[in-house]
> 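Dropping the structure in here first, questions after.
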Amino acid sequence: MKRRAVCGLCLVGVLLAAPAAAQFVTADALSKFVDESLSPYRHNPSPDWEDTLYAIAKSERSPDTVLAEFARRMRVSPDVARVYATVIVESVVDDETCQAARVRPARCAFAPGQPRYERAASAGLADATGNLLVIVSRSKPFTRWDQAAVVTLARKHRAATTIFSAMYDWRADPAHLMALMASGRRSDHEATLAARKHRWESSWSRQDDALRLAMLEWLEQSAATQAASTESRAALAQWALSLKLKLRLADAALEGYYAYPAAIRNLLPNPMQACLKVAKDCSEVAEAGYALADELAAALWTAGHEDDAQRLLQTEIADLGTRSAESLPRYQALSEAIAPAHRKEDLYPLFIDGHLPGQSRPQSWVSLTLGGGSGWLFTVRNSGSAVRHVVAGRLRAAGHDDMAAYLEEADWSSNRGNADPVLSAVAAMFPPAVQDRQSYWDRRLEKVATPVRDTVTDGPVRVSIRDLPAWWDEQPLPESIPAWRQGDPAQTPPDGASLPVDRNAVVRYEDRNGERAVVYLSSEYDLSGETPAFGIWFARTIGGAWAAPLYLGLQQHYPYVVTPGSRMPLLDGNRLRLEVQVREIDSTTITFPPLSLDLKRSVDGLFLDFDLATLGADRDGDGLTDIEERRLGLDFTNADTDGDSVPDARDPLPLVPYRASSVHDDALARALVSEIFGRQPVPIVVQPGRAPTIDDIMAGARTGDAVSQRTRTRFLVGRPSMFAGVATPFRLIVYSPQDVEALNRGSAPFYPARIAHTFSSLDGTRHFVEWSASWTGGSFMVTCATPDRPCSVQAISTWIS
Ligand SMILES: [Ca+2]
Ligand SMILES: [Ca+2]
Ligand SMILES: [Ca+2]
């Protein structure tokens with residue numbers, strides 16, 4: 001075993017720089033270290049220092065004994081051992097105070113000037129083996145910025161290649177592999193690694209994509225000039241081609257492919273043998289190889305290189321072993337597209353079910369777990385754009401425009417993200433010429449960038465977007481009226497009070513001069529999912545009887561919340577005066593699951609002043625107030641928005657003109673509505689009365705029991721014309737995706753069920769439906785075998801966030 005070298009002189013500096021290190025290796029810290037270290041799971045053939053410290057700390061409990069033993073095994077002084085142990089423990093044990101903070105304190109960043117960084121930097125650079133920096137790089141809560149700082153340190157280290165190699169093994173980050181290759185050592189081993197995991201390479205920034213392409217190009221050139229082995233160059237070639245194809249640079253991929261010497265082309269896809277020399281499990285090499293072969297074949301086919309395409313497209317490539325259940329359907333679909341072998345009627349079962357009627361179900365459920373069915377379609381959807389376009393061509397020719405569009409819409413451009421700091425830190429290892437090439441690739445990427453396609457096919461916007469002038473006035477409470485505070489009495493309904501709504505939904509109750517009034521929350525028009533953003537409603541008695549409730553057109557937390565009590569009476573003549581606080585949710589911070597969110601703005605002591613006549617105004621006399629119609633996208637100046645002679649309030653589908661004549665879509669539409677709305681829990685809402693306060697949620701409390709709540713109005717986003725022959729026992733608002741866009745409900749959460757896709761068989765008897773309400777969704781198969789009989793529905797998958 002190699003003697004581990006430690007630079008004694010450098011450590012003098014370390015000790016001076018970090019005199020306070022000693023306090024970190026406490027009994028408590030060591031015990032957490034033993035709990036959290038992954039050392040027992042790593043199966044490291046040659047133990048590193050974390051393993052050594054772990055082995056000692058597991059059997060010894062006193063810090064002094066642990067450190068003495070650690071020093072003895074490392075053959076360094078106790079002081080040096082203490083600094084090393086500190087750095088190792090800090091890397092393994094998460095600092096809970098960093099995790100708990102809403103805003104990460106500066107000291108938690110691994111950045112120059114911060115004690116932890118300075119300790120790790122001086123000790124890490126002093127350690128000639130590089131092992132200490134490897135351990136630091138494994139720190140769990142590291143951000144991309146923190147990881148970039150480790151890359152910058154590793155670059156300066158004599159053992160840079162060892163460090164980058166270990167970092168790549170640990171995180172499988174392609175940027176680390178580039179760093180490893182740029183750091184000088186290039187052997188078949190490293191090149192083989194290149195073929196393993198880069199197929200997951202992803203980025204959200206076109207600049208980064210361009211930078212990757214430029215860096216790879218430089219690595220390929222330097223491999224050529226330094227006479228690297230053919231295997232090594234072929235591994236780089238596979239990486240570069242896969243990346244170009246993934247980025248839809250088919251032209252560039254084909255230019256590159258034909259520019260390689262035949263010896264390299266013959267090693268594409270990379271055979272597994274090279275990998276098997278250095279690794280036990282090379283299934284990723286096979287996966288990456290088949291993916292490249294299929295994608296390249298599709299690109300070659302499209303460009304008219306049919307012989308080369310056929311040569312690459314093989315059921316099995318001898319050097320890669322058997323195709324996986326994930327890659328076989330892609331091959332089958334692509335072969336069918338290139339050389340059609342099935343009748344067009346057979347395509348629906350193959351693409352949706354994965355087998356022909358009467359044949360057995362395919363073994364694989366891989367695609368099912370991706371949220372679709374088990375047919376070829378769902379595997380191809382996850383393939384590169386060349387394969388998707390060739391397969392879409394076959395489907396379209398057979399009359400399956402819906403499936404073809406599904407495959408084509410997966411094209412999107414990554415152009416929005418910020419530059420990745422790790423990639424930038426690695427780029428600093430490359431010559432400046434790489435930057436010029438980055439601009440070159442950026443221009444090529446710009447040319448293939450397509451705007452996100454509008455997936456909508458169902459005609460113009462049908463919602464009314466006529467706006468109303470603001471119907472409330474926000475004012476500070478008069479000085480004589482103190483604002484309601486937490487702990488002040490809440491105005492709750494007395495036991496046994498007769499109420500127009502569920503008692504739990506009431507936020508404020510008032511009984512004055514024999515008349516009662518309530519303010520309550522409802523999800524009637526506001527589908528807020530798991531967020532506490534219900535609509536705010538008002539109801540009062542007139543002559544002792546409850547009058548029709550009035551929708552205030554506001555959602556809780558956007559930006560107001562109603563105080564549970566107030567010293568200001570609710571009613572003053574014909575005006576409603578509602579004390580509120582601003583507790584505005586920052587919608588950009590909402591995440592599921594579990595629900596978490598931040599507040600944008602917080603103000604107390606306000607009231608909203610409404611004119612009751614305005615709240616109740618129904619200028620077209622159709623039974624819905626102007627404010628309700630504005631919210632739903634109905635026309636408040638037209639009693640019959642969709643013109644089918646049923647007035648808006650009574651029309652079950654007020655945005656879809658009713659058509660009595662029956663078409664084959666009707667049975668599907670009915671099946672769809674009963675499947676999506678007939679099965680609870682849809683929509684799941686937090687019961688208003690038990691809804692947690694914003695403070696509960698921000699303190700990490702659960703959002704309460706999700707309970708289903710019957711709502712009268714339901715919403716669906718899909719193709720409205722499909723529902724023209726349907727009459728529902730409840731109000732169903734069907735929006736097209738453009739309608740939702742045009743409605744612009746602001747940033748407040750609104751999660752209607754959305755029919756993402758329907759794929760119908762050519763004879764119209766089978767329909768695969770995929771739907772989602774952002775936080776719940778699923779897919780099912782509707783079979784309408786006999787005309788005039790209800791369709792049968794078979795669930796395929798359901799998910800809830
Ligand atoms: Ca109206
Ligand atoms: Ca109307
Ligand atoms: Ca109507």
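All values below were derived from every heavy atom in this structure, side-chain atoms included, with hydrogens, water molecules and symmetry-related copies excluded. In listed order, ligands and their atoms are each counted from 1.
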> Can you tell me the angle formed at the Ca ion (ligand 3) by OD1 of D644 and OD2 of D651, to 10°?
90°
> How is the N/O/S atom of D642 that comes nearest to the Ca ion (ligand 3) named?
OD1
> Can R577 be said to sit on top of F607's aromatic six-ring, NZ or CZ under 6.0 Å from centre and within 45° of the ring axis?
no
> Any chance the side chains of R754 and S772 put a donor and an acceptor closer than 3.5 Å?
no
> Which heavy-atom pair separates Y735 from P720 by the least distance, and what is that distance?
C-CG, 4.1 Å
> Is it true that D620 and T637 share a donor-acceptor pair across their side chains at a distance under 3.5 Å?
no
> Heavy-atom distance under 4.5 Å between the side chains of Y560 and V582, does that happen here?
yes
> For the Ca ion (ligand 1), find the closest N/O/S atom belonging to D618 and write down its atom name.
OD1
> Is a side-chain donor-acceptor pair under 3.5 Å present for Y348 with R766?
no
> Taking the Ca ion (ligand 2) as the center, what protein N, O or S atoms are found at less than 3.0 Å?
D620 OD2, D622 OD2, E629 OE1, E629 OE2, D635 O, N638 O, D648 OD2
> State whether Y406 and R381 meet the cation-pi test: NZ (Lys) or CZ (Arg) under 6.0 Å from the six-membered ring centroid, and within 45° of the perpendicular axis.
yes
